[in-house]
Amino acid sequence: MSLLKLCNLSITFLDGKEPETVVQNLSMTIEAGEKVGLVGESGSGKTISALAIAGLLKRKDVRIEGQILLDGRDLLACTDREIREVQGKEIGMIFQEPMTSLNPSRTIGWQVEEALRLHTNLNAEERRARAMEALREVELTDTERIYHTYPHALSGGQRQRVMIAAAMICRPRLLLADEPTTALDVTVQKQMIALLHKLSETHGTAILFISHDLALVRTLCDRMLVLRQGKTVEEGATEQIFTAPQKEYTKELLAAVPKFERFPRPLPQEDRESVLQVSDLCAYYPMESRKLFQKKQKKQVLHHISFAIQQGEIVGLVGESGCGKTTLAKAILGLHRDDTGEITHRTEHPQMVFQDAGSSLNPSKTVEWILQEPLRNVTSMSAQEMQERVTQMLQLVQLKDTLRKRYPWQLSGGQRQRVCIAAALMLQPEFLIADEPVSALDVTVQKQILLMLQDIVQKTKVSIFMISHDLRVVYQMCDHVLVMKDGLIVESGTAEEIYRHPKHSYTKALLESAGAST
Amino acid sequence: MKRLSITFWIGAVLAGSILLFFLIGCFWTPYDPQAMNASMKLAGISIAHPMGCDAFGRDVLSRVMDGGTSTLLVACGTVLLGAGLGIVIGAISGYFGGLADTILMRIADALLAFPSVLLALVVIALLGTGEINVILSLGIAFAPSFARVVRGEFLRSRYLGYVQAARLAGASHARILFVHILPNIRSVLISAVLIGFNNAVLSEAALSYLGIGVQPPQASLGSMLAESQTYLLTAPSLCIFPGVALILLVLGFGLMGDGLSTGRK
């Protein structure tokens with residue numbers, strides 16, 4: 001008998017005006033110890049299916065049809081009490097956001113032991129021993145300290161390890177992992193996959209691995225399912241799907257995965273003007289003083305940064321979270337004041353495209369209003385002229401003119417990011433800073449946006465300073481690349497140089513975790 | 001749009017009907033609310049006087065309608081003044097933070113430390129009685145609670161992407177505060193205004209009950225309650241009708257505020 005069997009699972013949300021079916025007739029099986037990947041773009045019903053299996057969907061406004069059989073027992077027919085017996089004991093779950101899925105006011109030890117407290121009769125001593133063992137098993141060092149500390153003192157990767165330890169402590173036979181590596185840096189991602197693999201092998205735990213990152217699924221999973229809009233598109237052995245996909249959508253999805261392939265780009269002309277010059281830039285953050293009368297101390301986050309961007313050039317900046325990428329962007333824009341050194345550019349209003357297009361558009365204004373706002377503030381254009389400029393700009397970012405009256409919440413993620421790019425281009429700046437412009441988007445949308453940015457650079461001769469943690473995206477797009485670590489630029493050069501002949505060990509490590517084959 | 005809960009609609013119907021009743025009172029009452037008639041002194045409920053007459057033979061229905069109007073006027077004025085001041089203070093201290101925030105919020109804390117009715121008493125003692133002074137004193141007393149709510153929202157919005165984007169688009173601080181951020185906190189503001197309105201109605205009634213709000217012979221729900229005390233046993237209708245009007249108004253707005261904050265998903 002299979003460990004988990006889904007039979008024609010359909011999930012419908014009833015709280016909107018009309019019922020909305022988000023998962024339709026999903027059928028799948030997971031054998032004991034098997035690692036199955038569930039991939040699909042956002043809105044494809046991946047997370048909802050996992051929540052249904054874990055019994056975490058509220059039943060009042062959700063209609064669940066079909067069967068979820070765990071060892072032949074239908075979880076949908078169980079009472080709440082019976083479900084709680086299964087949760088944590090038979091089925092463990094880890095979530096995407098390690099920041100918010102640990103309780104900030106409890107110690108790590110307490111949280112790891114929680115499942116033992118609920119499902120076993122072990123005494124405090126035995127629980128502690130098990131918890132320490134679990135922490136060691138997820139390859140945390142200094143477990144004694146971590147046991148007594150609180151989540152805020154741990155890094156993202158450590159937190160996710162703690163989450164895994166807590167989910168695995170009762171030795172569940174099925175682990176649901178919902179995008180467990182998405183919020184982590186690439187080098188940490190790789191370690192996390194290795195850890196999941198090891199745990200699954202040693203304890204025979206089956207894993208349902210949900211991800212939008214196809215490369216990760218390939219390294220971990222035996223089998224995979226491709227979902228689209230709540231329906232199964234394709235199912236089969238991972239290698240088979242990767243090497244010989246049957247369905248059109250799967251092919252499209254695989255083709256959109258960023259690879260180390262450069263988009264075709266005409267060679268930049270020589271002797272162009274430089275539009276941005278940064279020399280010897282240092283930036284500081286105030287540190288909290290520990291003692292009452294201690295002099296306020298500063299933490300230096302950027303160390304003597306120098307670089308220049310030429311007209312019509314795309315320059316990439318890569319580095320892991322916390323290395324100072326965003327601070328550099330803010331310093332250039334004048335949003336971070338505490339800095340020394342020199343930043344020269346002629347643009348009066350430098351513009352930026354933010355990572356999260358959702359929050360960078362004012363939710364109570366229409367697209368048209370948002371696009372006109374910079375013109376209203378800075379120029380003295382007539383209403384007619386502003387209208388025309390909006391029309392032009394919507395064309396440039398390939399949006400339909402009818403979208404101008406919509407509100408941001410009526411747009412898709414990709415459309416929102418296009419609006420953000422259009423808004424940044426309204427004042428026709430010489431350069432644009434793009435902070436992780438595509439990392440919140442699905443791969444197929446990612447590719448469209450990147451190609452559109454290329455197109456815009458061709459047409460308008462704008463320069464782009466692109467910040468990204470994804471080396472593949474930077475390699476695809478950029479002429480020059482800067483690699484940053486701990487506030488220092490450790491390596492810089494053309495994209496080809498960096499990719500073919502990395503000099504610094506950190507660049508090599510980044511390339512390796514990003515899956516570069518050379 | 002999001003669906004509003006049933007609680008909100010019950011409240012809206014209650015508050016709406018009582019508001020309509022008061023609104024009619026602005027333009028028309030069955031009798032002159034001030035006209036005394038010695039022969040009708042403490043007359044009971046009749047067809048001619050559906051709510052009876054008070055100790056001076058004045059028609060209670062007319063006085064409830066008229067008194068409700070002045071209560072509403074004071075409450076609206078108080079909320080407008082309090083919310084206006086509160087929004088400006090809260091916006092500035094939440095958005096700019098730092099020293100401005102510290103100074104403004106410590107003043108607000110100091111004001112919040114006094115009960116609003118007590119604070120209003122002080123202002124009225126200095127300025128004298130009258131509707132305008134009641135509005136002024138209650139408005140100032142209510143401003144800090146609005147400022148607190150608004151400050152929190154601006155503090156949260158300050159680091160959001162769209163505010164940064166607005167700065168990069170060259171918008172001035174004032175424009176960011178009132179054109180970009182303010183429309184986005186309207187749902188919180190509406191709840192705060194509804195709750196504030198309720199408190200204002202009750203505070204006005206309390207001040208009039210103490211005899212320092214609206215002055216006789218003009219009617220007010222609070223002063224009518226105070227006058228009815230003497231005849232509580234002989235003519236209970238005198239206190240029941242203005243009291244019920246007050247309860248329905250406050251209950252209606254309370255339910256509306258409740259429905260707004262809990263009805264959303």
Side-chain angles (χ1 to χ4, degrees), chain A residues 13-17 58 60-61 286 326 329-330 332-336 347-366 369-379 407-410 416-417 419-427 429 432-433 435-437 440, chain B residues 1-9 87 91 94-102 150 152-193 259-265:
Chain A
F13 283 126
L14 302 171
D15 54 347
K17 278 205 179 93
K58 254 204 288 180
K60 202 171 70 181
D61 43 15
T326 302
K330 283 186 172 170
I332 295 171
L333 295 169
L335 293 174
H336 182 87
T347 314
E348 205 175 328
H349 297 280
Q351 295 294 317
M352 177 156 167
V353 175
F354 297 88
Q355 171 175 7
D356 183 7
S359 77
S360 54
L361 295 173
N362 193 329
S364 60
K365 308 287 182 192
T366 61
W369 193 96
I370 291 168
L371 291 182
Q372 287 177 352
E373 176 68 1
L375 303 178
R376 259 192 303 267
N377 289 329
V378 177
T379 65
Y407 288 91
W409 48 270
Q410 295 170 313
R416 276 187 219 148
Q417 196 57 286
V419 173
C420 287
I421 292 168
L425 290 169
M426 279 317 265
L427 293 172
L432 188 73
I433 296 179
D435 187 2
E436 305 266 8
Chain B
M1 277 311 280
K2 291 159 192 159
R3 266 191 310 177
L4 293 166
S5 67
I6 187 86
T7 326
F8 174 84
W9 290 113
I87 287 170
Y95 179 73
F96 291 107
L99 192 64
D101 182 34
T102 312
V150 172
E153 289 298 305
F154 272 80
L155 201 63
R156 193 173 59 79
S157 305
R158 168 177 158 191
Y159 296 109
L160 287 183
Y162 77 87
V163 175
Q164 305 241 330
R167 276 179 74 181
L168 291 176
S172 66
H173 286 309
R175 191 173 170 83
I176 290 176
L177 285 182
F178 299 112
V179 179
H180 285 269
I181 305 180
L182 193 59
N184 287 306
I185 67 167
R186 57 177 180 260
S187 60
V188 177
L189 212 55
I190 289 171
S191 298
V193 162
L260 272 185
S261 52
T262 57
R264 298 215 164 149
K265 292 245 167 70

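Not measured: the values here are computed from a predicted model. Labels below follow one simple rule: chain letters A, B, ... track the order of the sequence lines, proteins then strands, and each chain is numbered from 1.
Side-chain contact check for A:Ser364 versus B:Arg186: some heavy-atom pair is nearer than 4.5 Å. In this structure, B:Ile181 and B:Ile176 have side chains that are in contact, with non-hydrogen atoms separated by less than 4.5 Å. A 4.5 Å side-chain heavy-atom check between B:Val179 and A:Lys365 finds at least one atom pair inside the cut-off.
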Show which side-chain atoms of residues 158-168 of chain B pair as donor or acceptor with protein atoms under 3.5 Å away, not counting sequence neighbours.
residue, atom, partner, partner atom, Å
B:Arg158, NE, B:Tyr95, O, 3.4
B:Arg158, NH1, B:Gly94, O, 3.3
B:Tyr162, OH, B:Asn184, ND2, 3.0

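Looking at A:Pro408, neither its backbone nor its side chain comes within 4.5 Å of chain B, counting heavy atoms on both sides.
Identified under the salt bridge (charged side-chain N to carboxylate O under 4.0 Å, His left out) test for residues 169-183 of chain B, with sequence neighbours left out: A:Glu373-B:Arg175.
Applying the ring pair (Phe, Tyr, Trp, His ring centres under 6.0 Å) test to A:His349 and every residue at least two apart in sequence or in another chain returns nothing.
Residues of residues 353-363 of chain A lying within less than 4.5 angstrom of chain B, judged on heavy atoms, are A:Phe354, A:Ser359, A:Ser360, A:Leu361, A:Asn362, A:Pro363 in numerical order.
Heavy-atom pairs under 4.5 Å with chain A peak, among B:Ser172, B:Pro183, B:Ser157, at B:Pro183.
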Check step by step if side chain to side chain contact (heavy atoms under 4.5 Å, CB included) holds for B:Ile87 and B:Leu189.
-> CA-CA 9 Å; B:Ile87 287 170; B:Leu189 212 55; 3.6 Å; yes
